[in-house]
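Below: one structure, written as structure tokens.
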Amino acid sequence: MAPVIAVKSRNGMLLLAALMLTAGGAVCAQSVRSGVTPESIRLAVEQGDSAMAERLAREFRRRAPAVFAGRNIDYLLGRLLERRAANTEARALYREVVDRRSVLAGFALRRLAGIARSEGRMADEQSYLRRLLVEHPAFLRRDQLARRLSDSYSNSGQYPAAIEALGRFGVAGRESLARIAEAQAGAGLVENAAATFDAVLVSGSAGLPGRSQNMDESALRAVRGLDRIQSRNDSPPPQLSEEARLQRARIYQ
């Protein structure tokens, strides 16, 4: 239960530090005598002293490496290092967390994907995100991760992979449908994209009276997508019904 609590909290760093106090693994006597314990690391994190927390975590790793790993202090140290952009060392620590199949392995994969994205290594980001989605199917905010994976593929021009990612990992819905349509358009599947964009608009209007159904982000993406398709097409603009014209006008307001 503790790892789940640590993840859901907005202050995950503090709760992760608190988790170290209740995790298994005896602290060696030498570490206790020196004052380097999980409790001292937690207090440093709680007080906002990242430099001290990092120094204590490193010293604890030197004195009690098995307990350091058993209590997932390597993940915490990785977070501290990432805060000051020491990404090379942070990556190595996160990989250790993943390799030993820690309860925090999924979170380590997410951090690895984020570092890869910040450094422009799109293939690595995609690899980490796919592994996270495949190996940790119950991970929180799964749909958000699927969208990020799809965006990463689209940004690197891999539109079929973007469509596959949403279809395999995403939650069915209008937002995913709009993203699929954008990837179809990027892949040159213009007719398919237009049909999918239309489906987004229809699904947003059916059975929903009033103006609000036309104002969400998915509808805006659909209308913009249809306009982009038309602007790149030499054929005359489609003849829209009065209802369709009003719907698009409301979306753009």
Side-chain angles (χ1 to χ4, degrees), residues 1-9 12-28 30-31 36-38 40-42 44-45 50 53-142 144-146 148-150 152-153 156 161 165 168-169:
M1 292 298 294
V4 175
I5 295 172
V7 173
K8 285 185 176 180
S9 170
M13 185 78 77
L14 284 176
L15 280 178
L16 178 61
L19 173 63
M20 297 185 309
L21 298 178
T22 57
V27 180
C28 68
Q30 184 182 8
S31 293
V36 181
T37 63
S40 65
I41 299 170
R42 184 192 67 79
V45 171
S50 296
E54 180 183 333
R55 185 186 69 77
L56 291 171
R58 290 184 185 279
E59 179 63 17
F60 191 81
R61 184 184 198 183
R62 187 182 70 82
R63 294 175 180 271
V67 181
F68 176 85
R71 297 199 178 188
N72 293 299
I73 303 175
D74 46 1
Y75 179 83
L76 176 62
L77 180 55
R79 292 292 301 273
L80 293 168
L81 290 165
E82 193 181 348
R83 277 185 171 183
R84 61 177 182 85
N87 288 346
T88 299
E89 191 176 0
R91 275 199 305 270
L93 288 164
Y94 291 146
R95 285 170 181 156
E96 290 178 10
V97 175
V98 173
D99 289 345
R100 72 166 182 274
R101 301 181 182 274
S102 161
V103 293
L104 297 180
F107 304 102
L109 284 168
R110 186 178 64 179
R111 305 307 302 185
L112 285 165
I115 290 174
R117 178 169 66 252
S118 70
E119 295 175 345
R121 296 182 290 107
M122 308 305 288
D124 286 340
E125 180 196 18
Q126 294 153 13
S127 176
Y128 288 131
L129 287 173
R130 287 193 75 90
R131 184 173 176 183
L132 171 54
L133 288 163
V134 169
E135 296 183 4
H136 303 273
F139 197 82
L140 299 173
R141 296 188 289 275
R142 180 179 177 83
Q144 179 182 353
L145 294 169
R148 178 56 228 168
L149 177 59
S150 178
S152 182
Y153 281 131
S156 55
R168 179 177 179 185
F169 302 117

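Count residues from 1 along the sequence.
Y94 places a side-chain N or O within 3.5 Å of a backbone atom of R79 that can act as its donor or acceptor partner. For R100 (side chain) and A69 (main-chain N/O), a donor-acceptor pair under 3.5 Å exists by modelled atom type. A distance-only check finds a donor-acceptor pair linking the side chain of S156 to the backbone of S152 [under 3.5 Å]. A donor-acceptor pair is defined here as one N or O able to donate and one able to accept, closer than 3.5 Å; such a pair exists between the side chain of R142 and the backbone of L133.
The minimum heavy-atom distance linking P38 with I73 is given by the pair CG-CD1, 4.4 Å.
Ring geometry, Y75 versus F107: the interplanar angle exceeds 60°, so the pair is classed perpendicular (tilted spans 30 to 60°).
With 3.5 Å as the limit, one finds no donor-acceptor pair spanning the side chains of E82 and N87. Side chain to side chain, S50 and R84 fail the donor-acceptor criterion of an N or O pair below 3.5 Å. S102 and E96 share no donor-acceptor pair across their side chains, judged by distance under 3.5 Å alone.
Across R55, R61, R62, a single residue satisfies side chain to side chain donor-acceptor pair (under 3.5 Å) together with E59, and that is R62.
In terms of the side chain to side chain contact (heavy atoms under 4.5 Å, CB included) criterion, residue partners of R131 (sequence neighbours excluded) are, by chain and number, V98, L109, E135.
A distance of 8.5 Å separates CG in L112 from CZ in R91, rounded to the nearest 0.5 Å. Note that CG of L104 is 8.5 Å distant from CG of D74, once rounded to the nearest 0.5 Å.
Using a 4.5 Å heavy-atom threshold, the side chains of V134 and R168 count as touching.
Taking the charged nitrogens against the carboxylate oxygens, R58 and E89 do have a contact shorter than 4.0 Å, which makes a salt bridge.
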